[in-house]
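Written below as structure tokens is the structure these notes are about.
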Amino acid sequence: MDKGLFIQAITKFFLGVVVTALLLFLPAGGLNYSNGWLLMGILFIPMFLAGIVMMCKTPDLLRKRLRAKEKQEEQKQVILLSGLMFIAGFVSCGLNHRFQWCVQPKWLTAVSSIVFLLGY
């Protein structure tokens, strides 16, 4: 196992967890946001498992995925705009929880989570 690759992967993973948590829970006004925790689990548990599989079976693919530097200007713009969209999405979810703009029924959250997980 490539120790440097492992450290790079685990560092980026935990940095992603921390940044996403900040984008969700700061606007929500605290950690008492169950749908935020559900989203974190749905996003990061499969990501962690996929990282372990790639580390063991295809470390070159993991190394390539961690670099992810685009050379084409159009692709750089797409990545930038996608990143801004994700940031706005996480922040708006937290704000929605805090200010109760759009309250969804629990059954809808459960069904949506199941459908999302089936998509994996």
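Because the structure is a prediction, the values reported are computed rather than measured.
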*asked:* If hydrophobic clusters are built by linking Ile, Leu, Val, Met, Phe, Trp and Tyr wherever their side-chain heavy atoms come under 4.5 Å apart, do Phe86 and Leu23 end up in the same one?
replied: yes
*Roughly how far, to the nearest 0.5 Å, is CG of Leu39 from OG of Ser34?*
11.5 Å
_Hydrophobic cluster membership, Ile42 vs Leu22, 4.5 Å side-chain cutoff_ = no
_Straight-line distance of Phe116 CZ to Leu38 CG, nearest 0.5 Å_ = 10.0 Å
*4.5 Å side-chain heavy-atom contact, Phe90 and Phe25*: no
*If we only count heavy atoms from C-beta on, is the Asp2 to Arg63 side-chain gap below 4.5 Å?*
yes
*asked:* Is the shortest side-chain heavy-atom distance between Ile114 and Leu118 below 4.5 Å?
replied: yes
*Point-to-point distance, once rounded to the nearest 0.5 Å, from OH of Tyr120 to CE of Met47*: 6.5 Å
*Hey, what do you get for CG (Leu80) to NZ (Lys76), rounding to the nearest 0.5 Å?*
11.5 Å
*Can you find a pair of side-chain heavy atoms, one from Pro105 and one from Leu108, that are under 4.5 Å apart?*
yes
*Distance-minimising heavy-atom pair for Ala9 and Leu62*: CB-CD2, 4.2 Å
*Might you work through the side chain to side chain contact (heavy atoms under 4.5 Å, CB included) test for Tyr33 and Asn35, ending with a clear yes or no?*
CA-CA 6 Å; Tyr33 178 25; Asn35 286 348; 3.8 Å; yes
*With side chains defined as the heavy atoms from C-beta onward, is the minimum distance between Gln8 and Leu5 less than 4.5 Å?*
yes
